[in-house]
Amino acid sequence: MKYLDEFSNPDLAKKLLDQIHAATNRRWSIMEVCGGQTHSIIRHGIDQLLPNEIEMIHGPGCPVCVTPLEVIDKALEIAARPGVIFCSFGDMLRVPGSKNDLFRVKSEGGDVRVVYSPLDALNIARQNPDRQVVFFGIGFETTAPANAMTVYQAKRLGIENFSLLVSHVLVPPAIAAIMESPSCRVQGFLAAGHVCSVMGTDEYPPLAAKYKVPMVVTGFEPLDILEGIRRTVIQLEEGRHELENAYPRAVRPDGNPAAKAMLRDVFDVTDRAWRGIGVIPQSGWQLSERYRDYDAELRFSVTDIHTDESSICRSGEVLQGLIKPHECAAFGKECTPRNPLGATMVSSEGACAAYYLYRRLDLPAEVAHA
Ligand code: SF4
(Lines give C-alpha, C1' and ligand atoms only; values in the text may rest on other atoms or scores of the structure.)
Protein backbone atom coordinates (compact mmCIF):
# COMPACT_ATOMS: atom_id res chain seq x y z
CA MET A 1 0.00 0.00 0.00
CA LYS A 2 2.57 2.50 -1.23
CA TYR A 3 0.70 5.73 -0.64
CA LEU A 4 -0.59 4.72 2.78
CA ASP A 5 2.48 2.99 4.18
CA GLU A 6 4.89 5.75 3.21
CA PHE A 7 2.95 8.24 5.32
CA SER A 8 2.82 5.86 8.30
CA ASN A 9 6.52 4.93 8.37
CA PRO A 10 7.42 4.33 12.04
CA ASP A 11 11.07 5.40 11.66
CA LEU A 12 10.06 8.72 10.12
CA ALA A 13 7.34 9.13 12.74
CA LYS A 14 9.91 8.67 15.49
CA LYS A 15 12.18 11.31 13.91
CA LEU A 16 9.32 13.80 13.79
CA LEU A 17 8.31 12.99 17.36
CA ASP A 18 11.92 13.49 18.52
CA GLN A 19 11.94 16.90 16.81
CA ILE A 20 8.64 17.84 18.44
CA HIS A 21 9.92 16.81 21.88
CA ALA A 22 13.18 18.75 21.33
CA ALA A 23 11.31 21.89 20.21
CA THR A 24 8.77 21.94 23.05
CA ASN A 25 9.61 24.06 26.08
CA ARG A 26 6.21 25.35 27.18
CA ARG A 27 2.59 24.22 27.35
CA TRP A 28 0.64 24.61 24.11
CA SER A 29 -2.93 23.83 23.07
CA ILE A 30 -3.35 23.02 19.39
CA MET A 31 -6.67 22.40 17.64
CA GLU A 32 -6.97 20.03 14.71
CA VAL A 33 -9.94 21.44 12.83
CA CYS A 34 -10.91 18.39 10.83
CA GLY A 35 -12.73 15.29 12.08
CA GLY A 36 -10.61 13.12 9.81
CA GLN A 37 -7.53 14.41 11.60
CA THR A 38 -9.19 13.75 14.99
CA HIS A 39 -9.92 10.18 13.93
CA SER A 40 -6.32 9.67 12.80
CA ILE A 41 -4.84 11.23 15.97
CA ILE A 42 -6.91 9.03 18.30
CA ARG A 43 -6.67 5.90 16.16
CA HIS A 44 -2.89 6.06 15.98
CA GLY A 45 -2.43 7.31 19.54
CA ILE A 46 -0.54 10.35 18.28
CA ASP A 47 -1.68 12.54 21.19
CA GLN A 48 -0.26 9.98 23.64
CA LEU A 49 3.17 10.15 21.99
CA LEU A 50 3.44 13.93 22.16
CA PRO A 51 5.19 15.79 24.99
CA ASN A 52 2.94 16.20 28.04
CA GLU A 53 3.04 19.95 27.43
CA ILE A 54 1.10 19.64 24.17
CA GLU A 55 -2.66 19.20 24.30
CA MET A 56 -4.60 18.40 21.13
CA ILE A 57 -8.07 19.97 21.14
CA HIS A 58 -10.55 18.31 18.80
CA GLY A 59 -12.30 20.88 16.66
CA PRO A 60 -15.65 21.12 14.90
CA GLY A 61 -14.60 19.72 11.52
CA CYS A 62 -16.87 16.70 11.33
CA PRO A 63 -19.66 17.50 8.83
CA VAL A 64 -22.14 15.03 10.28
CA CYS A 65 -21.52 16.32 13.81
CA VAL A 66 -22.20 19.98 13.07
CA THR A 67 -25.36 19.45 11.01
CA PRO A 68 -28.09 20.96 13.20
CA LEU A 69 -30.79 18.80 14.70
CA GLU A 70 -33.46 20.83 12.95
CA VAL A 71 -31.90 20.09 9.56
CA ILE A 72 -32.01 16.37 10.42
CA ASP A 73 -35.67 16.81 11.36
CA LYS A 74 -36.33 18.55 8.04
CA ALA A 75 -34.69 15.62 6.24
CA LEU A 76 -36.88 13.17 8.17
CA GLU A 77 -40.01 15.14 7.35
CA ILE A 78 -39.22 15.27 3.63
CA ALA A 79 -38.09 11.62 3.45
CA ALA A 80 -41.37 10.44 4.97
CA ARG A 81 -43.49 12.20 2.35
CA PRO A 82 -45.25 9.98 -0.23
CA GLY A 83 -43.67 10.13 -3.67
CA VAL A 84 -40.27 11.27 -2.42
CA ILE A 85 -37.01 9.44 -3.03
CA PHE A 86 -34.60 10.77 -0.39
CA CYS A 87 -30.92 10.22 -1.23
CA SER A 88 -28.02 10.61 1.16
CA PHE A 89 -24.53 9.43 1.92
CA GLY A 90 -24.74 6.48 4.29
CA ASP A 91 -23.31 8.23 7.35
CA MET A 92 -26.41 10.43 7.70
CA LEU A 93 -28.89 7.57 8.00
CA ARG A 94 -28.16 6.80 11.65
CA VAL A 95 -27.87 10.42 12.82
CA PRO A 96 -30.64 10.87 15.38
CA GLY A 97 -33.22 13.57 14.84
CA SER A 98 -35.41 14.65 17.70
CA LYS A 99 -37.64 11.55 17.34
CA ASN A 100 -36.12 9.04 14.93
CA ASP A 101 -33.58 8.70 12.11
CA LEU A 102 -33.57 8.02 8.37
CA PHE A 103 -33.19 4.28 8.97
CA ARG A 104 -36.47 4.36 10.91
CA VAL A 105 -38.16 6.33 8.12
CA LYS A 106 -36.91 3.73 5.64
CA SER A 107 -38.13 0.84 7.82
CA GLU A 108 -41.55 2.48 7.97
CA GLY A 109 -41.82 2.60 4.18
CA GLY A 110 -39.99 5.80 3.22
CA ASP A 111 -37.92 5.54 0.04
CA VAL A 112 -34.51 6.42 1.50
CA ARG A 113 -31.53 5.49 -0.64
CA VAL A 114 -27.79 5.55 0.03
CA VAL A 115 -25.78 6.96 -2.85
CA TYR A 116 -22.04 7.39 -3.34
CA SER A 117 -22.23 10.63 -5.29
CA PRO A 118 -24.82 13.39 -5.55
CA LEU A 119 -24.76 12.79 -9.29
CA ASP A 120 -26.20 9.31 -8.58
CA ALA A 121 -29.21 11.10 -7.08
CA LEU A 122 -29.55 13.14 -10.25
CA ASN A 123 -29.60 9.93 -12.30
CA ILE A 124 -32.32 8.57 -10.02
CA ALA A 125 -34.30 11.73 -10.70
CA ARG A 126 -33.91 11.20 -14.46
CA GLN A 127 -35.07 7.60 -14.15
CA ASN A 128 -38.08 8.52 -12.00
CA PRO A 129 -39.66 11.60 -13.61
CA ASP A 130 -42.91 11.07 -11.68
CA ARG A 131 -41.16 11.18 -8.26
CA GLN A 132 -39.49 14.00 -6.32
CA VAL A 133 -35.81 13.18 -5.67
CA VAL A 134 -33.96 15.01 -2.89
CA PHE A 135 -30.25 14.85 -2.06
CA PHE A 136 -29.07 15.67 1.46
CA GLY A 137 -26.20 18.10 0.78
CA ILE A 138 -24.22 18.60 3.97
CA GLY A 139 -20.58 19.17 4.74
CA PHE A 140 -17.71 21.59 4.40
CA GLU A 141 -16.07 23.20 1.40
CA THR A 142 -14.89 19.72 0.40
CA THR A 143 -18.24 18.17 -0.49
CA ALA A 144 -19.86 21.36 -1.72
CA PRO A 145 -18.42 21.42 -5.28
CA ALA A 146 -19.98 18.05 -6.22
CA ASN A 147 -23.32 19.16 -4.77
CA ALA A 148 -23.07 22.44 -6.64
CA MET A 149 -22.32 20.55 -9.84
CA THR A 150 -25.44 18.41 -9.35
CA VAL A 151 -27.73 21.43 -9.11
CA TYR A 152 -25.94 23.08 -12.03
CA GLN A 153 -26.51 19.93 -14.12
CA ALA A 154 -30.14 19.65 -13.03
CA LYS A 155 -30.79 23.20 -14.25
CA ARG A 156 -28.80 22.72 -17.44
CA LEU A 157 -30.60 19.46 -18.30
CA GLY A 158 -34.03 20.73 -17.23
CA ILE A 159 -34.47 18.05 -14.53
CA GLU A 160 -37.15 19.65 -12.40
CA ASN A 161 -37.97 16.79 -10.03
CA PHE A 162 -34.60 17.13 -8.26
CA SER A 163 -33.79 19.29 -5.25
CA LEU A 164 -31.09 19.71 -2.63
CA LEU A 165 -31.49 19.95 1.13
CA VAL A 166 -28.51 22.19 1.85
CA SER A 167 -26.57 22.52 5.08
CA HIS A 168 -23.09 23.48 3.99
CA VAL A 169 -20.66 25.09 6.43
CA LEU A 170 -17.40 26.97 6.04
CA VAL A 171 -14.22 26.51 8.08
CA PRO A 172 -12.71 30.04 8.31
CA PRO A 173 -15.76 31.65 10.04
CA ALA A 174 -15.77 28.73 12.52
CA ILE A 175 -12.11 29.38 13.33
CA ALA A 176 -12.95 33.04 13.93
CA ALA A 177 -15.88 32.07 16.19
CA ILE A 178 -13.68 29.72 18.21
CA MET A 179 -11.06 32.44 18.67
CA GLU A 180 -13.71 35.01 19.67
CA SER A 181 -15.10 32.74 22.41
CA PRO A 182 -14.16 33.98 25.91
CA SER A 183 -13.34 30.39 26.93
CA CYS A 184 -11.06 29.77 23.96
CA ARG A 185 -7.82 27.94 24.84
CA VAL A 186 -6.58 27.35 21.29
CA GLN A 187 -3.10 28.69 20.52
CA GLY A 188 -2.48 27.12 17.12
CA PHE A 189 -4.39 25.33 14.38
CA LEU A 190 -3.87 22.39 12.08
CA ALA A 191 -5.96 23.61 9.16
CA ALA A 192 -7.92 20.99 7.21
CA GLY A 193 -5.94 19.90 4.17
CA HIS A 194 -8.85 18.71 2.06
CA VAL A 195 -10.78 21.96 2.57
CA CYS A 196 -7.73 23.92 1.45
CA SER A 197 -7.30 21.65 -1.57
CA VAL A 198 -10.59 23.15 -2.82
CA MET A 199 -10.49 26.69 -1.45
CA GLY A 200 -6.75 27.36 -1.37
CA THR A 201 -5.06 29.13 1.51
CA ASP A 202 -5.84 32.83 0.96
CA GLU A 203 -8.41 33.03 3.76
CA TYR A 204 -6.02 31.91 6.48
CA PRO A 205 -3.17 34.49 6.73
CA PRO A 206 -5.60 37.25 7.86
CA LEU A 207 -6.96 34.92 10.57
CA ALA A 208 -3.46 33.98 11.72
CA ALA A 209 -2.54 37.67 11.90
CA LYS A 210 -5.75 38.83 13.59
CA TYR A 211 -5.75 36.17 16.32
CA LYS A 212 -1.99 35.74 16.52
CA VAL A 213 -2.16 31.98 16.02
CA PRO A 214 -0.02 29.82 13.77
CA MET A 215 -1.97 27.86 11.16
CA VAL A 216 -0.46 24.90 9.40
CA VAL A 217 -2.34 23.25 6.54
CA THR A 218 -2.12 19.56 7.39
CA GLY A 219 -3.04 16.23 5.81
CA PHE A 220 -4.51 13.13 7.42
CA GLU A 221 -1.92 10.38 7.58
CA PRO A 222 0.17 10.00 10.75
CA LEU A 223 3.28 11.62 9.26
CA ASP A 224 1.20 14.50 7.88
CA ILE A 225 -0.22 15.19 11.31
CA LEU A 226 3.12 14.95 13.08
CA GLU A 227 4.65 17.34 10.56
CA GLY A 228 1.75 19.77 11.08
CA ILE A 229 2.21 19.62 14.84
CA ARG A 230 5.99 20.00 14.50
CA ARG A 231 5.65 23.14 12.42
CA THR A 232 2.98 24.57 14.72
CA VAL A 233 5.08 23.99 17.84
CA ILE A 234 8.14 25.62 16.26
CA GLN A 235 6.09 28.70 15.36
CA LEU A 236 4.62 28.86 18.87
CA GLU A 237 8.02 28.54 20.51
CA GLU A 238 9.46 31.23 18.23
CA GLY A 239 6.49 33.55 18.77
CA ARG A 240 5.46 33.47 15.12
CA HIS A 241 1.91 33.25 13.80
CA GLU A 242 1.94 32.54 10.10
CA LEU A 243 0.26 30.29 7.57
CA GLU A 244 2.36 27.32 6.47
CA ASN A 245 1.40 24.64 4.01
CA ALA A 246 2.55 21.22 5.21
CA TYR A 247 0.35 19.44 2.65
CA PRO A 248 1.72 20.71 -0.68
CA ARG A 249 1.11 17.41 -2.44
CA ALA A 250 -2.62 18.25 -2.36
CA VAL A 251 -2.94 21.97 -1.62
CA ARG A 252 -2.08 24.85 -3.92
CA PRO A 253 -2.40 28.47 -2.74
CA ASP A 254 -5.27 29.11 -5.16
CA GLY A 255 -6.96 25.76 -4.48
CA ASN A 256 -9.13 24.40 -7.27
CA PRO A 257 -10.23 27.40 -9.41
CA ALA A 258 -12.83 25.43 -11.39
CA ALA A 259 -14.48 24.17 -8.20
CA LYS A 260 -14.46 27.66 -6.70
CA ALA A 261 -16.10 29.10 -9.82
CA MET A 262 -18.84 26.47 -9.58
CA LEU A 263 -19.38 27.28 -5.90
CA ARG A 264 -19.63 31.01 -6.63
CA ASP A 265 -22.23 30.34 -9.30
CA VAL A 266 -24.48 28.01 -7.30
CA PHE A 267 -24.15 29.20 -3.69
CA ASP A 268 -24.38 32.42 -1.69
CA VAL A 269 -22.75 32.83 1.71
CA THR A 270 -25.27 32.96 4.56
CA ASP A 271 -25.51 32.75 8.35
CA ARG A 272 -25.58 29.10 9.36
CA ALA A 273 -26.36 27.23 12.60
CA TRP A 274 -23.74 24.71 13.76
CA ARG A 275 -24.95 21.87 15.96
CA GLY A 276 -23.88 22.44 19.53
CA ILE A 277 -22.32 25.82 18.71
CA GLY A 278 -25.19 27.94 17.44
CA VAL A 279 -25.43 30.40 14.61
CA ILE A 280 -22.12 31.64 13.20
CA PRO A 281 -22.49 34.67 10.92
CA GLN A 282 -21.64 34.14 7.26
CA SER A 283 -20.50 30.58 7.97
CA GLY A 284 -22.41 28.57 5.39
CA TRP A 285 -23.81 28.37 1.91
CA GLN A 286 -27.35 28.45 0.58
CA LEU A 287 -28.48 28.07 -3.00
CA SER A 288 -28.16 31.36 -4.85
CA GLU A 289 -31.17 33.11 -6.33
CA ARG A 290 -30.52 31.51 -9.75
CA TYR A 291 -30.90 28.01 -8.25
CA ARG A 292 -33.48 28.72 -5.53
CA ASP A 293 -36.06 26.53 -7.35
CA TYR A 294 -33.91 23.54 -6.42
CA ASP A 295 -34.01 24.28 -2.68
CA ALA A 296 -35.74 21.33 -0.96
CA GLU A 297 -36.57 23.41 2.13
CA LEU A 298 -38.66 25.73 -0.01
CA ARG A 299 -40.08 23.05 -2.27
CA PHE A 300 -41.36 21.00 0.68
CA SER A 301 -42.19 23.98 2.94
CA VAL A 302 -40.11 22.77 5.91
CA THR A 303 -38.46 26.11 6.71
CA ASP A 304 -40.56 26.43 9.88
CA ILE A 305 -39.23 23.30 11.60
CA HIS A 306 -37.20 24.35 14.66
CA THR A 307 -35.79 21.89 17.19
CA ASP A 308 -34.02 22.23 20.53
CA GLU A 309 -30.86 20.22 21.21
CA SER A 310 -30.78 17.45 23.87
CA SER A 311 -30.13 18.84 27.34
CA ILE A 312 -27.94 15.82 28.24
CA CYS A 313 -25.57 15.92 25.30
CA ARG A 314 -22.48 18.11 25.69
CA SER A 315 -21.30 17.75 22.09
CA GLY A 316 -21.26 21.53 21.74
CA GLU A 317 -18.56 21.72 24.39
CA VAL A 318 -16.74 18.80 22.76
CA LEU A 319 -16.89 20.54 19.38
CA GLN A 320 -15.44 23.72 20.88
CA GLY A 321 -12.67 21.81 22.63
CA LEU A 322 -13.96 22.77 26.09
CA ILE A 323 -14.25 19.17 27.32
CA LYS A 324 -12.95 15.80 26.20
CA PRO A 325 -15.65 13.25 25.21
CA HIS A 326 -15.19 11.06 28.30
CA GLU A 327 -15.85 14.07 30.52
CA CYS A 328 -19.49 13.93 29.40
CA ALA A 329 -21.44 11.93 32.01
CA ALA A 330 -23.33 10.03 29.28
CA PHE A 331 -20.17 8.84 27.48
CA GLY A 332 -20.13 5.04 27.18
CA LYS A 333 -23.26 4.77 29.34
CA GLU A 334 -26.46 6.22 27.90
CA CYS A 335 -24.49 7.26 24.80
CA THR A 336 -22.64 4.75 22.60
CA PRO A 337 -22.24 4.37 18.81
CA ARG A 338 -25.16 1.90 18.87
CA ASN A 339 -27.31 4.32 20.80
CA PRO A 340 -25.94 7.80 20.10
CA LEU A 341 -27.41 10.76 21.96
CA GLY A 342 -25.47 13.30 19.95
CA ALA A 343 -23.95 13.56 16.51
CA THR A 344 -20.35 13.41 17.76
CA MET A 345 -21.06 9.78 18.72
CA VAL A 346 -22.66 8.89 15.39
CA SER A 347 -20.00 9.71 12.87
CA SER A 348 -16.71 7.84 12.81
CA GLU A 349 -15.14 11.29 12.47
CA GLY A 350 -16.86 12.51 15.63
CA ALA A 351 -14.64 12.95 18.66
CA CYS A 352 -16.95 10.96 20.97
CA ALA A 353 -17.05 7.98 18.59
CA ALA A 354 -13.27 8.12 18.10
CA TYR A 355 -12.72 8.03 21.88
CA TYR A 356 -15.25 5.24 22.24
CA LEU A 357 -13.63 3.15 19.50
CA TYR A 358 -9.97 3.69 20.28
CA ARG A 359 -9.56 5.15 23.75
CA ARG A 360 -12.33 3.72 25.93
CA LEU A 361 -10.20 0.98 27.48
CA ASP A 362 -7.55 3.54 28.49
CA LEU A 363 -10.11 5.55 30.44
CA PRO A 364 -11.10 5.14 34.10
CA ALA A 365 -12.77 1.79 34.82
CA GLU A 366 -16.22 3.27 35.44
CA VAL A 367 -16.14 4.67 31.89
CA ALA A 368 -14.33 1.81 30.14
CA HIS A 369 -16.58 -0.91 31.52
CA ALA A 370 -19.85 0.95 31.56
S1 SF4 B 1 -20.78 11.25 24.76
FE2 SF4 B 1 -22.75 11.36 23.68
S3 SF4 B 1 -24.04 12.66 24.98
FE4 SF4 B 1 -21.91 13.02 25.58
S5 SF4 B 1 -21.20 14.75 24.32
FE6 SF4 B 1 -20.66 12.89 23.21
S7 SF4 B 1 -22.40 12.56 21.83
FE8 SF4 B 1 -23.12 13.98 23.41
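Residue numbers start at 1 and run along the sequence shown. We use all heavy atoms of the structure for the numbers below, so side chains are in, but hydrogens, waters and symmetry mates are not.
- The NZ atom of Lys14 sits 3.5 Å away from atom CG of Asp18, with the distance rounded to the nearest 0.5 Å.
- Crowding of Arg27 atom CZ: a count of heavy atoms from other residues, nucleotides or ligands under 6.0 Å not exceeding 12.
- If you look at Tyr355 and His58, their ring centroids are closer than 6.0 Å.
- Both the sub-6.0 Å distance and the 45° axial angle are satisfied by Lys155 relative to the ring of Tyr291.
- Atom CD1 in Ile46 sits 8.0 Å away from atom CG in Leu17 (nearest 0.5 Å).
- Judged by distance alone, the side chains of Ser98 and Asp73 do bring a donor and an acceptor atom under 3.5 Å apart.
- Close placement of the Trp274 and Phe140 rings is indicated, their centers lying within 6.0 Å of each other.
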**Request:** Show your working on side-chain contact (heavy atoms from CB on, under 4.5 Å) between Glu242 and Tyr204 and close with a plain yes or no.
**Result:** CA-CA 9 Å; Glu242 299 160 10; Tyr204 295 91; over 6 Å; no

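- With a 4.5 Å cut-off on side-chain heavy atoms, Phe300 and Val84 count as touching.
- Looking at Thr270 and Trp285, their side chains never bring a donor and an acceptor atom within 3.5 Å of each other.
- Salt bridge Glu327/Lys324: absent, no basic N to carboxylate O contact under 4.0 Å.
- Expressed to the nearest 0.5 Å, how far CE of Met345 lies from CZ of Arg338 amounts to 13.0 Å.
- Lys260 has its side chain out of reach of Asp265: every pair of non-hydrogen atoms, C-beta onward, lies at least 4.5 Å apart.
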**Request:** For side-chain contact (heavy atoms from CB on, under 4.5 Å), just list the numbers for Ile323 and Val318, CA-CA rounded to whole Å, side-chain angles, deciding distance to a tenth of an Å, and then say yes or no.
**Result:** CA-CA 5 Å; Ile323 63 166; Val318 173; 3.8 Å; yes

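- Two residues are said to be in side-chain contact when any heavy atoms from C-beta on lie closer than 4.5 Å; Glu55 and Ile30 fail this criterion.
- For the pair Arg26 and Glu53, the salt-bridge criterion is not met [side-chain N within less than 4.0 Å of a carboxylate O].
- Close placement of the Phe136 and Phe86 rings is indicated, their centers lying within 6.0 Å of each other.
- A donor atom on one side chain and an acceptor atom on the other are not found under 3.5 Å apart for Gln286 and Asp295.
- The shortest non-hydrogen separation linking Ala125 to Ile159 is CB-CG2, 3.9 Å.
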**Request:** Test side-chain contact (heavy atoms from CB on, under 4.5 Å) on Phe162 and Val134 and set out the steps.
**Result:** CA-CA 6 Å; Phe162 175 82; Val134 182; over 6 Å; no

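- Checking Glu244 against Gln235 by side-chain atom types alone, a donor-acceptor pair falls below 3.5 Å.
- Side-chain contact, Glu297 with Thr303: no donor N or O sits under 3.5 Å from an acceptor N or O.
- Checked against the 6.0 Å centroid criterion, the rings of His241 and Tyr211 do not qualify as a close aromatic pair.
- Within the 4.5 Å cutoff, no side-chain heavy atoms of Asp101 are placed close to those of Val95.
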**Message:** Please determine whether side-chain contact (heavy atoms from CB on, under 4.5 Å) holds for the pair Asp111 and Arg131, giving the CA-CA distance in whole Å, both sets of side-chain angles, and the decisive distance to 0.1 Å.
**Reply:** CA-CA 11 Å; Asp111 194 345; Arg131 308 275 301 274; 2.9 Å; yes

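- Side-chain contact of Arg299 with Gln132: a donor-acceptor pair under 3.5 Å is present, judged by distance alone.
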